Amino acid sequence: MDLRNIAIIAHVDHGKTTLVDELLKQSGAFRENQAVSERAMDSNDLERERGITIFAKPTSVEWKGTRINIVDTPGHADFGGEVERILSMVDGVVLLVDAAEGPMPQTKFVTSKALALGLRPIVVLNKVDKPDAEPDRALDECFDLFANLGATDDQLDFPHMYASGRSGWADHELDGPRKDLSAMFDLIVNHVPAPKQINRQSEDFRMLATTLGADPFVGRLLTGRVESGTLKVGATVQALSRVGQKIEQFRITRIQAFRGLGTQDIEEAQAGDIVSLAGMTKATVADTICALAVDTPLEAQPIDPPTITVTFGINDSPLAGREGKKVQSRVIRERLHKEAESNVAIKISDTPGGEAFEVAGRGELQMGVLIENMRREGFELSISRPQVLLREEDGKKMEPIEEVTIDVDDEYSGAVIEKITGPRKGELVEMKPAGVGKTRIIAHVPSRGLIGYHGEFLTDTRGTGVLNRVFHGWAPHKGAIPGRRAGVLISMENGEAVAYALWNLEDRGKMFIKPQEKIYTGMIIGEHNRENDLEVNPLKGKKLTNVRASGTDEAVRLTTPVIMTLEQAIAYVDDDELVEVTPNSIRLRKRYLDPHERKRKSKSTS
């Protein structure tokens with residue numbers, strides 16, 4: 001069967017997974033009466049809840065005698081490691097762009113990787129039926145983007161289509177028939193070249209592993225594109241590391257090919273196809289699976305380095321072990337190393353004491369997803385404030401810079417620019433009207449300045465602003481950047497919070513807890529109105545007497561507390577604070593629970 005391998009890339013919420021749903025339906029991948037959920041490719045619970053794609057997943061469809069392997073890729077820069085790996089498996093990319101928003105930061109990030117590999121893109125302008133769509137402007141911006149990224153003449157001569165993924169149509173002309181996706185299928189078959197590996201069937205078998213999975217029945221599964229030769233079930237092969245070191249020799253127990261939303265066992269894998277192999281015990285991502293006669297590994301695509309680091313430690317608070325079952329550092333270490341094995345964008349290292357682990361990754365969202373997965377598995381953790389990774393070049397300290405794209409109502413643009421160019425040391429690159437009373441701001445801001453900024457940004461824009469960020473490059477260190485200005489309210493007692501006490505503390509600041517919530521000494525229960533930390537007693541009840549007087553029987557009406565999400569809590573804490581994460585709770589606490597220890601540490605640091 002004729003073969004095509006493509007990846008669909010797009011920014012978050014530009015309709016990529018919805019379009020893949022329609023491609024699967026219209027190609028006949030589903031039965032006529034088959035019940036299929038919306039965004040079927042987002043199979044992970046977190047992906048469904050957040051409405052974003054986190055893991056790259058292959059699928060395949062048949063169209064007029066051609067099998068098209070499609071890889072659905074994440075749309076957020078924090079999961080760029082997933083995208084960088086899978087681009088080596090495909091021969092073409094479909095770049096999906098929202099006709100109203102135009103190309104966005106993640107579009108730029110992934111497209112630069114695809115162009116560097118020599119892939120010729122197909123541009124699909126999605127959501128052209130929306131009232132604020134401007135497809136001609138979006139198309140011009142795509143051409144400018146490609147030119148700025150150093151595209152070749154062949155890559156600049158890209159075909160484009162107008163589409164509505166939700167309605168299930170794509171046409172070459174804006175005023176086309178708007179019936180189905182036939183034109184897109186035909187364009188993919190005609191524009192994307194067949195894998196050149198097909199002509200290397202007679203050579204020794206070689207495959208570069210790009211993703212790692214697991215099956216409860218067959219064990220480890222490594223997915224990749226067969227670069228040369230053929231492979232049958234039962235054959236004996238070997239795994240080579242990136243430097244050519246032999247890792248293991250094993251027998252192939254199963255070969256699976258992607259068919260629609262599932263996988264199907266096949267007897268033989270051929271060059272050019274994307275398959276999953278089972279039977280190995282040690283081989284992992286970026287290793288070469290090959291015949292025994294092969295002694296040189298395939299070259300793995302380089303992965304951009306991590307930019308932030310977070311410390312994962314055991315939960316040593318007084319409430320430790322009450323909600324989670326996995327609390328030992330040994331279990332946490334095993335889980336983190338298992339994650340690093342399949343996620344090449346994450347690096348794990350032990351701290352000197354051995355009780356905590358430095359986890360380096362791409363961004364706060366990537367860390368938040370890892371922590372959320374671990375707490376759902378029953379882990380209890382203490383998480384530090386993210387720290388930006390610095391490096392030295394020619395004796396100069398360098399720090400990562402991010403390109404920030406902000407769409408905001410005109411009336412709030414002044415406040416946003418003042419924040420990012422003032423205390424956060426950003427540089428304004430471009431500012432232009434985005435239509436419908438909105439302004440688009442593009443700035444280069446140090447990664448340090450963006451930690452904890454998103455919540456402040458939503459407050460400044462009354463929740464209407466949209467902020468996207470992507471790694472831009474390295475620049476000389478820009479000096480000190482002030483952190484959180486407000487102090488916190490710290491509990492000085494153990495027990496359950498009393499409504500009357502919280503009511504009396506409302507003058508001091510906003511609360512993070514509800515009445516009857518379990519608290520302990522050193523736990524952060526709210527934000528102070530002033531810059532200093534304040535120790536308070538949330539257990540102090542009302543004194544009862546038999547004397548009646550006006551004002552003594554006032555009703556206790558509490559202001560709704562601020563309940564933080566995991567990402568908000570991680571971005572909020574300061575250097576001397578931790579986030580306590582359990583399967584049911586997210587608490588903030590001081591790093592040193594004993595008040596005397598806290599005072600001693602604060603004196604020594606000052």
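Fair warning: this is a prediction, and the values are worked out from it, not measured in the lab.
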Evaluate Val445 against Glu402 for side chain to side chain contact (heavy atoms under 4.5 Å, CB included), listing each step before the verdict.
CA-CA 5 Å; Val445 187; Glu402 301 195 34; 5.7 Å; no
If you define the side chain from C-beta out and look only at heavy atoms, does anything of [X] sit under 4.5 Å from [Y]?
{"X": "Phe357", "Y": "Asp350", "value": "yes"}
{"X": "Ile371", "Y": "Phe312", "value": "yes"}
{"X": "Leu588", "Y": "Val579", "value": "yes"}
{"X": "Thr111", "Y": "Pro121", "value": "no"}
{"X": "Leu336", "Y": "Leu370", "value": "yes"}
{"X": "Ile441", "Y": "Leu428", "value": "yes"}
{"X": "Val123", "Y": "Phe146", "value": "yes"}
{"X": "Val310", "Y": "Ser384", "value": "yes"}

Side-chain ([X]) to main-chain ([Y]) donor-acceptor, under 3.5 angstrom:
{"X": "Thr210", "Y": "Thr223", "value": "yes"}
{"X": "Lys425", "Y": "Lys478", "value": "yes"}
{"X": "Asn315", "Y": "Ser317", "value": "yes"}
{"X": "Glu380", "Y": "Glu323", "value": "yes"}
{"X": "Arg448", "Y": "Gly479", "value": "yes"}
{"X": "Lys127", "Y": "Ala100", "value": "no"}
{"X": "Thr18", "Y": "Gly165", "value": "no"}
{"X": "Arg137", "Y": "Gly102", "value": "no"}
{"X": "Asp533", "Y": "Gly487", "value": "no"}
{"X": "Gln155", "Y": "Leu115", "value": "yes"}

So if I apply the salt bridge (charged side-chain N to carboxylate O under 4.0 Å, His left out) rule between Glu580 and each of Lys590, Arg375, Arg591, Arg587, which one comes out positive?
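Of the listed options, the one satisfying the test is Arg587.
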Could you give me the CA-CA distance, side-chain angles and deciding distance for Val416 and Phe457, then say whether side chain to side chain contact (heavy atoms under 4.5 Å, CB included) is met?
CA-CA 7 Å; Val416 171; Phe457 168 75; 3.9 Å; yes
Which residue in the set Ile122, Leu139, Leu95 passes side-chain contact (heavy atoms from CB on, under 4.5 Å) when paired with Phe158?
Leu139
Sort out for me which residue in Asn5, Val20, Val90, Ile8 forms a side-chain contact (heavy atoms from CB on, under 4.5 Å) with Val71.
Val90
How would you list, by chain and number, every residue that makes a side chain to side chain donor-acceptor pair (under 3.5 Å) with Tyr572, sequence neighbours excluded?
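Partners of Tyr572 by the side chain to side chain donor-acceptor pair (under 3.5 Å) criterion, ordered by chain and then number, come out as Glu527.
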Taken in chain and number order and not counting sequence neighbours, the residues that satisfy side chain to side chain donor-acceptor pair (under 3.5 Å) with Thr461 are none
Kindly compute the distance separating CD (Glu358) from OG (Ser349), expressed to the nearest 0.5 Å.
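Answer rounded to 0.5 Å: 5.5 Å.
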Using the rule given for side chain to side chain donor-acceptor pair (under 3.5 Å), can you reason through Gln387 versus Thr309, listing the C-alpha separation, both sets of side-chain angles and the distance that settles it, and then say yes or no?
CA-CA 5 Å; Gln387 301 290 333; Thr309 179; over 6 Å; no
How would you list all residue pairs meeting side chain to side chain donor-acceptor pair (under 3.5 Å) that involve residues 90-104, not counting sequence neighbours?
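Residue pairs with at least one partner in residues 90-104: His14-Glu101, Asp91-Arg225.
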